[in-house]
Asks: 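Here it is, the structure in full.
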Amino acid sequence: MKVSSDWSSTCKFTLESLAFTTCKYTTEIIYAVWVSAQLLQDYSHGEKHLLLQLSDGKINYPVSSPTGLPPLGNPDILEGENDLTALSFLHEPAVLHNLRVRFLGYSSIYTYCGIVLVAINPYEQLPIYGEEVIDAYSGQDMADMEPHIFSVAEEAYRTMTREEKNQSIIISGESGSGKTVSAKFTMRYFAVVGGATQQTSVEERVLASNPIMESIGNAKTTRNDNSSRFGKYIEIGFGRKGDIIGANMRTYLLEKSRVVFQASAERNYHIFYQLCASRELPEMRSLRLDAPEHFRYTKQGGEMQIPGTDDLSDLERTRNAFTVLNVQPDQQMELFRILSAVLHLGNVNIQASGRNSDRSYIDPGDRSLAVFSKLLGVEGPQMAHWLCHRRLAVGGEMLVKPMSGQQAVEARDALAKHIYGQLFTWTVQRLNSALRTQRGQAKSFIGVLDIYGFETFDRNSFEQFCINYANEKLQQQFNRHVFHLEQEEYIREELAWSRIEFSDNQQCISLIEGHLGLFDLLDEECRMPKGSDESWVRKLYDQHLNSEPHPHFQKPRMSNSSFIVLHFADMVQYECNGFLDKNRDTVFEELINVLKASQLVAELFQQQGNVSSVANGSVRTGKRAIREHKLTVGSQFRQSLQLLMDTLNSTTPHYVRCIKPNDLKQPFMFDPRRTVQQLRACGVLETIRISAAGYPSRWTYEEFFSRYRVLLQGPQSEEQAQASIRKALPQLIPDPDQYCFGKTKVFFRAGQVALLEKLRAERLHVAAVIIQSRVRGWMARIRYTRILWAAVTIQRYWRGALARRLALTLRHTKAAIVIQKTYRMVVVRQLFLMIRQATITIQAFTRATVLFPQLVAECAAVLLQARVRGWLARQAYRRVHAAVVFMQCCWRRRAARRELLKLKTEARSVEKYRELNKGMEVKVMQLQLRADQEVGGEATIQKLESQKQKQPQPLPVISEVEERRRAEEKAAQEILQLRQELQALQREQDSLYKEREDLSARLLDQEKTQEGRFSVTGNISLDEERRKYQGLLREFTRLEQRYDNLREMSLLTEVQPPIFAYVLFYVVSNYFSVLTSPLSPDTSSCPSPTKPATVTGLLECRKRDEAKLIKNLITDIRVDSALSLPPGLPASVLFLCVRQADCSGDQTRARSLCSAAVTAMKAALKVTSGFEPAWSTIWLWSNIKRAVHVMSGRLSLTENDLIRALSDLCIQAYQQLLSITEKRLQNIIVPALLESETIPGLSAVKLGTSRKRAGSDPRNVGCDVLTMASVLRELGALHTALSRQALPPTLMEQAFHQLTYLISATALNSLLLRKDICCWSRGMQIRYNVSLLEEWLRSRGLQAGGAVGTLEPLIQAVQLLQAAKKTDADAGALVQTCTTLSSQQIVKILTLYTPHSDLDERVTLNFIRTVQGLLKGRSEGQPPQLLMDVRRVFPVTFPYLPPAVLHAEQLVIPDSLKISFLHRA
């Protein structure tokens, strides 16, 4: 289709239907910048001018021919589209306009362009890279989410795990466009999704390589404060389970010339300034460093400090990274010594001598040379000698030739560059050895390529030549991959397609790397003994201009020392000066030999002959044969680049193109000229060209039917959509070459979507006219009927009025006759009355003239008095009212303070009661001890009496009888005294027991009454302490789990976890609930530990049967058996066994039984941590907290460690239960809450402008549709299981409070990242789905715990979608309504709002700015937060539960438990 016909068909309707649509276009004006305009007058063939409306006025645009018409703009429906290839008109101005709208209007820095992610550097920290954003993108389809670097990383990760094929992410762009930051975020994403919940050592090492490489490989340039001066390709290896197990790094073309020279306003590598900043540290004083202004290699650029950075803290970060990578401190100091030596080497003063300055020397007392020699451990005189001399081989003899001052300086700089290059290579090798996998071979890898983009400066040298050559190779690979994807799409849809022609840059690549190309001629010139840059450029002219003219090679008109290469992105002029020296990159062998004698740097040069070490330069020796075989820098770069291309071709590539919006580094400032240059250079426009050559617009049949059903004929049903489209489309677009039907999609060429939009608008316009005519006719008929009825009514009333007027006239005539008859009779009297009336009137007028002013003044005074008195009364009332309110406030405040003091006093009284209770317990224990002693004394007396009875008859000696009698009397008195004391102690003991029970009862009642009041003042601090403690517990559990996994990895991989762990926690939870139960009267107390147990109602377990008991009740119990048991039976059995051992005095056995039970529960908890469903975990934490309250008073073996272990186990089980439930809910929240259509037919089908990318999962059409019923089913099952355990309502409320927060946060995060969700109809669907969840929570009485309140952010977000968004009043209402949403969230939703029907409109930028102004006060002092933290965990509080009565006779033990070895005691 020609441009002219396209224009006539698209802009013909502009004037006729201006109220419904406008036709936009873009035109290229000064500085090659495209601007938007509107056509004000229809264009006809042959016209010479177009009347256009620009933002600053009207212009007449000259049109020389139909081909000179400016390109058309896209329809409003595609405004701000997140995929550039979805635009109807695919050309440069449309791409630029769409990027500008998204960047400036929507603050969106990411945009898709087919398989390419375009990332614009915002020069501002954005809150879109947190862990909550990673969680939101993890596991999501790339086509469903807003463009983001995490989306590309997720696509690569999912493709790798699904297809088991290696992936590559190619990040390119200009310096300062954000390549390094994008690569860091990509690796951080892999470290999170490819590791555990917390980063393991491998992920930490991968991330730790970034600060090291930035220190030694990044520097400040005029375009970027942290510019990477090398290219790197990091391969992150993944295991079979998708976890990171290792990494490897390859680097390309380090800019070594920066070590010795920096341009104005630039810096050397960061590591030098970091070392200078840390010179005052004790360990750094031996390096003899100074400020960077005193070193030649750091002061040339004049920039010593980067604003906003701290070199000292950056060095600390670098050292920490070295430590993470197992680089010992002494090795770090060796590296710092070498770097410091390079700085001192630059300060070595080389002086010229001789007649013609053909010699040079170094002062023997040169301080810098001495420090350099001391730091590296080399001989200073040797280094000074060989810096000023060189060795030559002449006729088989070795001669030493002095060098001039300039040559010596060049040799010194070459040595510094060589040392730094070797140090850089050694560091990369050391990093690779630290990142190498230790857990087996990596199954697959994802490579992240951070490489320089196309560069063109005022003066381009060898570095720019190599960089642009690499970009030529990458662009060729990119073009072929995009072409391959396009053809794959056509084949998959079974289209009858022809080959797409696209521009291939093979000719330019052949010019550079081909036979007798630029690199070949450069290497040949480098091998020549007297080769020079001038002779090399003359060879280029002869070969590529005269002999075989090449279309991509040109010679500048005004220069004989430069050449021009026509690259794919731009035409670049290269200055040949310095090409040979940079390509050789040589250093004299004598200097290297001096360094090899040093133990410190010998390792850097020990493999000088290897290719890997030569990659940073070659060594010039005195032998020409050896020198000629050294690889040049260009050859090495070509080899490494070819290896990189082979790697990329063997992987599935993903592309990220970073754009620098302006050169001033200002946030959200868009320079169209710079942007267009980079779009041309990075290949984005080439993607557009390839897409435009085929069918760039593609819609599924359902999407096309939903949008353009007004253009279709025949039956209007979605089941017959494809047939209707196939039948109607040929009538809409006569040219069959402009569209094509696929299996699931219909394809259109560029501009056809705009044509369909025009036809749709015309059809809607015609339909609107018909509807208007019908409505106007109906309204006219209604009006005519009303007018007719009104006319008849008026006529009826008018005739009645005439009749009444006639009757009145007759009556008036009769009255007139009567009046005439009597008139003459009263005429004299009438005259008298008239004269009398006149007299009275004159008197009245006279009196009124005199008294009227007084009356007026009196009325005015009364009115003023009334108004003033009313005002004074109102003022008095307001003062009294304000005073009363103030007195009420003061009195209430005083009452509140009194109430607070009363509560504090009552709280302290509770503590006093507790202390008194504790003292009473101690006193009871002392009395018990004294009673035991009295019992022992009574037993001694009884023994003495029995011995007395057994005594033989006394001798008949009077003295002995008298003595015996006295002794007996004394013993009898002592016995009587002891018995009295024993009875007194017994009574005292009884009274103390009674007092203790009364005190406990009162304390319990008081605690219950004070629970509500005390919670108000103490909940905040308690929640904070609980949160900290539970967080530490989770960390401890994670570390313990990790240790056990590593120790038992082989065992766990071979042994399947037992299913009967489902019942394990049923036993445990009820076991601890039984511990809280008071025993029956005969089991409520235990005898002395030294006396055998005489209490009944317990169960006895022998020592040898303990393991069997634990196994049958905890370890090996089956699910079906557990479900058939009475509630709490296994736990009751365990508790009675422990109670029997404790009461019998065998505390060792009781303690071992408790420890064995706790250990078994912990082990089973770990084994069942991944089970689904999670019912096995529910019973663990149901009643453990109640056991902690009573175990200290019921079992003599209770210790603080045991109580702490039980509490930790309770919290761990609770967290594990929520974790398992959250995993089950995670994958169904978004489809059920956001995507399901519970209200059929309300939501429009998503506009089909997004294209499927490479590796994206196809939608599973046959899968079950997830709705809110799925979410409610999961929650209902959990609620039923918890209810069966008779848990307290507060505990269930806390659990569902956590789960509803997860649902709300996950849904809101997805809504904030999906453009297709942000519309009015979808908001209605979501609000209905949320209402179902709210109704479910209220029906089960869970709203009191805050579960419904956590849904408020999602509800307000939906209200924001449904509210009006036009006027300032609407903006104020939105701000007042959305109180729980942050400012960033509100603006993001307004930005993403996309109307899916013609009845709705986009949110204007002015409205968004108004909302931002209203939100400015709210956002002050708040951290920028876009997404909610889905990992937030609320602290849990376990309430106190009153104990229950338990007796062994109540238990009915079935035979299935196999515990018949227990005996009742």
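Starting from 1, each residue takes its place in the sequence as its number. Remember, predicted model here, so these are calculated numbers, not experimental data.
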Asks: Apply side chain to side chain contact (heavy atoms under 4.5 Å, CB included) to residues W789 and I794 and explain how you reach the verdict.
Replies: CA-CA 9 Å; W789 176 82; I794 292 173; over 6 Å; no

Asks: How long is the span from the OG1 atom in T809 to the CZ atom in R804, to the nearest 0.5 Å?
Replies: 13.0 Å

Asks: Between Q722 and G742, what is the shortest heavy-atom contact and its length?
Replies: NE2-O, 4.2 Å

Asks: Any side-chain to backbone donor/acceptor pair from E493 onto T744? Under 3.5 Å, distance only.
Replies: yes

Asks: Do T1300 and T1350 get their side chains close enough for a donor-acceptor pair, meaning under 3.5 Å?
Replies: yes

Asks: Can you measure from CG (L1354) to CG (L1308) and round to the nearest 0.5 angstrom?
Replies: 6.0 Å

Asks: Using side-chain heavy atoms (C-beta onward) and a distance below 4.5 Å, is Q41 in contact with L50?
Replies: no

Asks: Side chains of L1390 and F1407, heavy atoms from C-beta outward: is any pair under 4.5 Å?
Replies: yes

Asks: Do V1230 and R1314 pass the side chain to side chain contact (heavy atoms under 4.5 Å, CB included) test, and can you show the C-alpha distance, the side-chain angles, and the key distance before you say yes or no?
Replies: CA-CA 11 Å; V1230 173; R1314 294 184 59 174; 3.6 Å; yes

Asks: With a 4.5 Å cut-off on side-chain heavy atoms, are M779 and I782 touching?
Replies: no

Asks: Checking side-chain polar atoms at under 3.5 Å, does T1404 have a donor or acceptor matched by the opposite partner on N1406?
Replies: no

Asks: Please report the interatomic distance OG1(T1394) to CZ(R1322), rounded to the nearest 0.5 Å.
Replies: 13.0 Å

Asks: Calculate, to the nearest 0.5 Å, the distance between atoms CD and OG1 belonging to Q1385 and T1380 respectively.
Replies: 8.0 Å

Asks: According to salt bridge (Lys or Arg N to Asp or Glu O under 4.0 Å), who are the partners of E146, at least two apart in sequence or on a separate chain?
Replies: R102

Asks: Does a sphere of radius 6.0 Å around CZ in R796 hold more than 12 heavy atoms from other residues, nucleotides or ligands, not counting ones at 6.0 Å or beyond?
Replies: yes

Asks: Evaluate the criterion side chain to side chain contact (heavy atoms under 4.5 Å, CB included) for residue pair L39 and L51; output intermediate values, then yes/no.
Replies: CA-CA 6 Å; L39 182 66; L51 182 59; 6.0 Å; no

Asks: Could you note down all residue pairs passing side-chain hydrogen bond (donor to acceptor under 3.5 Å, both in side chains) where residues 1364-1379 supplies at least one of them, sequence neighbours left out?
Replies: Q1356-T1379, T1367-D1370

Asks: Rounded at 0.5 Å granularity, tell me how far NZ in K1315 sits from CG in L1392.
Replies: 7.5 Å

Asks: Kindly say whether I770 contributes a backbone atom to a donor-acceptor pair with the side chain of S773 at under 3.5 angstrom?
Replies: yes

Asks: So, Q1412 versus S1383: side-chain donor-acceptor pair below 3.5 Å or not?
Replies: no

Asks: Restricting to non-hydrogen atoms, name the atom on V1358 and the atom on G1323 that form the minimum distance, rounded to 0.1 Å.
Replies: CG1-O, 2.9 Å

Asks: Hey, does L756 have a side-chain heavy atom less than 4.5 Å from the side chain of F748?
Replies: yes

Asks: Just so I know, are the side chains of I1303 and V1271 near enough to count as touching, which here means a heavy-atom distance under 4.5 Å?
Replies: yes

Asks: How long is the gap from SG on C1378 to CG on L1360, to the nearest 0.5 Å?
Replies: 4.5 Å

Asks: Could you report the tightest heavy-atom contact between V710 and L764, atom names first, then the distance?
Replies: CG1-CD2, 4.0 Å

Asks: List the atom of G80, the atom of Y106, and the distance in Å for their closest heavy-atom pair.
Replies: CA-CE1, 3.9 Å

Asks: Kindly give the heavy-atom pair with the smallest separation between D83 and T85, and that separation in Å.
Replies: OD1-OG1, 2.9 Å

Asks: Return yes if some donor-acceptor pair links the side-chain N/O of R749 with the main-chain N/O of D737 below 3.5 Å, else return no.
Replies: yes

Asks: Under 3.5 Å, sequence neighbours excluded: what are the donor-acceptor pairs made by side chains of residues 1328-1337?
Replies:
| residue | atom | partner | partner atom | Å |
| --- | --- | --- | --- | --- |
| N1329 | OD1 | T1238 | OG1 | 2.5 |
| N1329 | ND2 | L1233 | O | 3.0 |
| N1329 | ND2 | Q1325 | O | 3.3 |
| S1331 | OG | R1327 | O | 3.4 |
| S1331 | OG | Y1328 | O | 2.4 |
| E1334 | OE1 | R1327 | NH1 | 3.4 |

Asks: For V1411 and V1403, what are the C-alpha separation, side-chain angles and deciding distance, and is it a side chain to side chain contact (heavy atoms under 4.5 Å, CB included)?
Replies: CA-CA 11 Å; V1411 174; V1403 182; over 6 Å; no

Asks: Within the 4.5 Å heavy-atom criterion, are L1361 and C1318 side-chain neighbours or not?
Replies: yes

Asks: Centroid separation under 6.0 Å, is that true for the rings of Y739 and F704?
Replies: no

Asks: Donor-acceptor pair, H97 side chain versus N74 backbone, under 3.5 Å?
Replies: no

Asks: Under a plain distance cut-off of 3.5 Å, with no hydrogens placed, do Y708 and E757 share a side-chain donor-acceptor pair?
Replies: yes

Asks: Which heavy atom of P734 sits nearest a heavy atom of P736, and at what distance?
Replies: O-CD, 3.1 Å

Asks: Report yes if some heavy atom in the side chain of I725 is under 4.5 Å from a heavy atom in the side chain of F741; otherwise report no.
Replies: yes

Asks: What I want to check is whether the side chains of S706 and E703 have a donor and an acceptor closer together than 3.5 Å.
Replies: no

Asks: Below 4.5 Å, heavy atoms only, C-beta onward: do L1311 and I1326 meet side chain to side chain?
Replies: yes

Asks: W699 and F747: aromatic ring centres closer than 6.0 Å?
Replies: no

